[in-house]
Amino acid sequence: MAYWLMKSEPHEFSIDNLKEKRRQSWDGVRNYQARNMMRDDMKKGDLAFFYHSNCKEPGVAGIVSICKEAYPDNITFGRKGKEVKGNEDPDNPTWFMVDVQYKRKLKRTIKLSDIKAESTLKNMQLVRKGNRLSVMPVSKAEWDHILSME
DNA sequence: GCCAACGTTGGC
DNA sequence: GCCAACGTTGGC
């Protein structure tokens, strides 16, 4: 089983929105690296941190599980409410999405600044300079460490 | 709102 | 294939 981190802008789709809906397709990813990970490496039952980005208090807000493996993302107006270019050729899709299921909110948001302050987490992809991936792998050690900060 | 750090596009 | 211009992400 693998661990992941998935970013969402809370004013567009937050952990509370997911808590209400219980389950949601993670559509709108239009980055090849992120797509490859979703399509090739994400398996049902994997766990992911729900990360709030581009907001007042960026950080890990909750935990979700992957409840459906990658399938074509044909949604034009996505989860984020933004228009995104879809799959022009339905027989040969370029873009994929997975479904995630709400597991729980963390007792507190583990802020990006908290994570940055942990020297043992300094190699996390999340805190590497210039990282803009919306989906990224998290090691078991990193996963456990962040949960220990809850 | 600013801007660094990417990724993408398109002319050549 | 190179690379400048442009668009996007996302912290601050």
Side-chain angles (χ1 to χ4, degrees), chain A residues 2-21 24-42 46-66 69-100 102-139 141-150:
Chain A
Y3 298 97
W4 306 93
L5 182 144
M6 301 170 88
K7 293 179 181 174
S8 186
E9 303 186 18
H11 63 277
E12 286 163 348
F13 190 76
S14 72
I15 187 74
D16 289 318
N17 296 136
L18 182 64
K19 185 178 181 182
E20 230 167 272
K21 296 192 65 176
Q24 172 68 35
S25 59
W26 202 266
D27 54 78
V29 173
R30 293 297 182 270
N31 171 282
Y32 288 104
Q33 256 184 287
R35 177 211 60 185
N36 290 348
M37 287 188 280
M38 285 204 300
R39 186 190 57 188
D40 304 333
D41 301 326
M42 268 192 180
D46 284 357
L47 294 175
F49 285 136
F50 193 113
Y51 180 88
H52 284 169
S53 71
N54 213 355
C55 57
K56 199 173 177 187
E57 198 173 76
V60 175
I63 297 175
V64 305
S65 66
I66 308 304
E69 292 178 16
Y71 59 106
D73 174 1
N74 293 308
I75 292 172
T76 311
F77 286 91
R79 167 179 51 83
K80 294 181 165 189
K82 281 182 187 164
E83 188 174 10
V84 284
K85 209 187 251 185
N87 290 318
E88 275 68 34
D89 179 1
D91 295 327
N92 187 21
T94 303
W95 303 115
F96 290 81
M97 58 188 173
V98 298
D99 286 0
V100 301
Y102 175 82
K103 296 291 277 187
R104 68 179 181 90
K105 279 177 81 167
L106 297 193
K107 296 188 198 91
R108 67 178 189 96
T109 295
I110 310 298
K111 290 181 285 178
L112 179 62
S113 57
D114 297 333
I115 293 170
K116 281 183 170 170
E118 293 288 312
S119 61
T120 49
L121 294 176
K122 67 176 187 295
N123 287 324
M124 268 191 88
Q125 281 210 28
L126 179 68
V127 298
R128 280 191 215 149
K129 201 175 184 182
N131 180 47
R132 290 165 33 195
L133 272 182
S134 60
V135 175
M136 65 181 81
V138 172
S139 75
E142 291 160 354
W143 180 274
D144 290 342
H145 190 101
I146 286 176
L147 284 185
S148 77
M149 296 161 66
E150 194 176 350

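Both backbone and side-chain heavy atoms feed into the values below; hydrogens, waters and symmetry mates do not. Since this is a predicted model, take the numbers as computed values, not measurements. So you know, we letter chains A, B, ... as the sequences are listed, proteins then strands, and number each from 1.
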At under 4.0 Å, does any side-chain N or O of [X] touch on OP1 or OP2 of [N]?
| X | N | value |
| --- | --- | --- |
| A:K129 | B:dA5 | yes |
| A:K7 | C:dG10 | yes |
| A:Y51 | C:dT9 | no |

Practice problem: Select base, sugar-phosphate, or nothing to describe what A:K116 touches, counting heavy atoms under 4.0 Å on all strands. | Solution: sugar-phosphate

Quiz item: Side chains of A:D16 and A:S14: do they bring a donor and an acceptor to under 3.5 Å?
Solution: no

Provide, to the nearest angstrom, the distance between the [atom1] atom belonging to [X] and the [atom2] atom belonging to [N].
| X | N | atom1 | atom2 | result |
| --- | --- | --- | --- | --- |
| A:M136 | B:dG7 | CE | P | 12 Å |
| A:Q33 | C:dT8 | CD | P | 19 Å |
| A:L133 | C:dG11 | CG | C1' | 16 Å |
| A:K56 | C:dG10 | NZ | C1' | 17 Å |
| A:L126 | C:dG11 | CG | P | 8 Å |
| A:F13 | C:dG10 | CZ | P | 16 Å |
| A:E12 | C:dG10 | CD | P | 11 Å |
| A:Q125 | C:dT9 | CD | P | 18 Å |

Quiz item: So, A:Y32 versus A:W95, ring centres under 6.0 angstrom or not?
Solution: yes

Quiz item: In chain order, what residues pass the side-chain hydrogen bond (donor to acceptor under 3.5 Å, both in side chains) check against A:R104, with sequence neighbours excluded?
Solution: A:E150

Quiz item: Considering residues at least two apart in sequence or located in another chain, which fulfil the side-chain hydrogen bond (donor to acceptor under 3.5 Å, both in side chains) criterion with A:K21?
Solution: A:Q24

Self-check item: Comparing A:N54 and A:N31 on DNA chain B - which has the more 5′ nearest nucleotide
Solution: A:N54

